[in-house]
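Along the sequence shown, the residues carry numbers beginning at 1. One-based numbering, in listed order, for ligands and for the atoms of each.
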Amino acid sequence: MLKVEDIVAAYGPIVALHGVSLEVPEGSIVTVLGANGAGKSTTLRAITGLLRPKSGTIEFEGSRIDRLSAEEIVSLGMSHIPEGRQLFSELTVLENLRLGAYSRFSGTDGGSRLAQREDLSPLGRLQHKLFHAATGGIRDVARGIRGYRQRRQDFEAALNQVFDYFPILAERKKQIAGTLSGGEQQMLAIGRGLMASPRLLLLDEPSMGLAPMVTREIFEIIRAINKSQGVTILVVEQNANLALEIAHYGYVLETGRIALADTSENLRKSEAVQRSYLGQ
Ligand SMILES: Nc1ncnc2c1ncn2[C@@H]1O[C@H](COP(=O)(O)OP(=O)(O)O)[C@@H](O)[C@H]1O
Ligand SMILES: [Mg+2]
């Protein structure tokens, strides 16, 4: 489903990834393990278009995506749950979930999108916009009402699914996100990502800053999301124990290079992994 080949990525003069390759088969859970600074977040940023790789290729369902914008990549069916959750902490739980659905339900105003067509001259674009404002607006309203019911149903279905996975979010839907516990905030971050109904979910260190019990609960839910809905998952982690428990396949990233790649079962048995990541 996802194929990353030999990507090099840098922040100015600092090269963070020196030719990383990895594959995520459809329906699987794949983990990328690595110490702080190994390049885990950079790998996810390169995949989701937040950082353009200097070289290498990224394919999603057979098509190159390494030159697309982050918005375009999201619309293909990928959700990125960033490190540190990045919630709208002043907004309520429900408002955060609504914003997660935004990418999926946006782009219905065909007229104004057309006005951004690159083959129109600036004057043509202006004329088109004025024309659209006068006439297209009415068409859009009609189309909007027809589409509204369907969108509303899709939204409710996605919301109910999120509440099934995370019942606590249903109980807290009017609570301000910033006042939730760390574990609840991580649940909300994942829930917000699920609102876009992704086929590939990318998770950046979901265990960060959480107590072991809470981390375990979240990993069990990640496993359930994969199992019951068939959502493919790429999860990067420092917590190798839990990640290897739920993943089918794993990679070990060391200073921007893949040092090991194997089934989770073999990685768990590997001496190098035990020494460096499992604290044994
Ligand atoms: N915004 C940034 N500017 C400059 N260097 C960065 C930036 N983000 C990360 N780096 C560097 O890139 C390398 C990889 O970082 P990162 O991908 O965040 O690692 P990880 O997620 O595995 O902890 C590190 O050396 C880090 O210092
Ligand atoms: Mg990171």
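Protein heavy atom in closest approach to atom 19 (O) of ligand 1: Gly39 N, 3.1 Å. With hydrogens left out, the protein atom closest to atom 4 (C) of ligand 1 is Tyr11 CB, 3.3 Å, a heavy atom. Among all protein heavy atoms, the one lying closest to atom 25 (O) of ligand 1 is Gly37 O, 4.0 Å.
Applying the salt bridge (charged side-chain N to carboxylate O under 4.0 Å, His left out) definition to pairs two or more places apart or across chains, those involving residues 1-19 are Lys3-Glu5.
Between the side chains of Glu23 and Tyr251, not a single donor N or O lies within less than 3.5 Å of an accepting N or O. Defined by atom type and a distance below 3.5 Å, a donor-acceptor pair is present between the side-chain atoms of Thr179 and Gln175.
Each protein N/O/S atom under 2.8 Å from the Mg ion (ligand 2) was counted, for a total of 2.
Contact between Met195 and Gly100 at its shortest, heavy atoms only, is CB-C, 3.7 Å.
Proximity of atom 14 (C) of ligand 1 to the protein is indicated by at least one non-hydrogen atom lying closer than 4.0 angstrom.
In the hydrophobic clustering of this structure, Phe166 groups with Leu180; members are Ile, Leu, Val, Met, Phe, Trp, Tyr whose side-chain heavy atoms approach within less than 4.5 Å, directly or through other members.
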Enumerate donor-acceptor pairs with a distance under 3.5 Å from any side-chain N or O in residues 25-39 to protein atoms, sequence neighbours excluded.
{"from": "Ser28", "atom 1": "OG", "to": "Pro25", "atom 2": "O", "distance (Å)": "2.5"}
{"from": "Thr31", "atom 1": "OG1", "to": "Val235", "atom 2": "O", "distance (Å)": "2.9"}

Show me the side-chain donor-acceptor pairs of residues 198-218 shorter than 3.5 Å, one per line, residues at least two apart or across chains.
{"from": "Arg199", "atom 1": "NH1", "to": "Glu61", "atom 2": "OE1", "distance (Å)": "2.6"}
{"from": "Arg199", "atom 1": "NH1", "to": "Glu61", "atom 2": "OE2", "distance (Å)": "2.4"}
{"from": "Arg199", "atom 1": "NH2", "to": "Leu76", "atom 2": "O", "distance (Å)": "2.4"}
{"from": "Asp204", "atom 1": "OD1", "to": "Ser41", "atom 2": "OG", "distance (Å)": "3.4"}
{"from": "Asp204", "atom 1": "OD2", "to": "Ser41", "atom 2": "OG", "distance (Å)": "2.7"}
{"from": "Glu205", "atom 1": "OE1", "to": "Gln238", "atom 2": "NE2", "distance (Å)": "3.4"}
{"from": "Ser207", "atom 1": "OG", "to": "Glu237", "atom 2": "OE1", "distance (Å)": "2.9"}
{"from": "Ser207", "atom 1": "OG", "to": "Glu237", "atom 2": "OE2", "distance (Å)": "3.1"}
{"from": "Thr215", "atom 1": "OG1", "to": "Ala211", "atom 2": "O", "distance (Å)": "3.0"}
{"from": "Arg216", "atom 1": "NH1", "to": "Glu245", "atom 2": "OE1", "distance (Å)": "3.2"}

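Side chain of Glu95 to main chain of Thr92: a donor-acceptor pair is present (N/O by atom type, distance under 3.5 Å, no hydrogens or angles).
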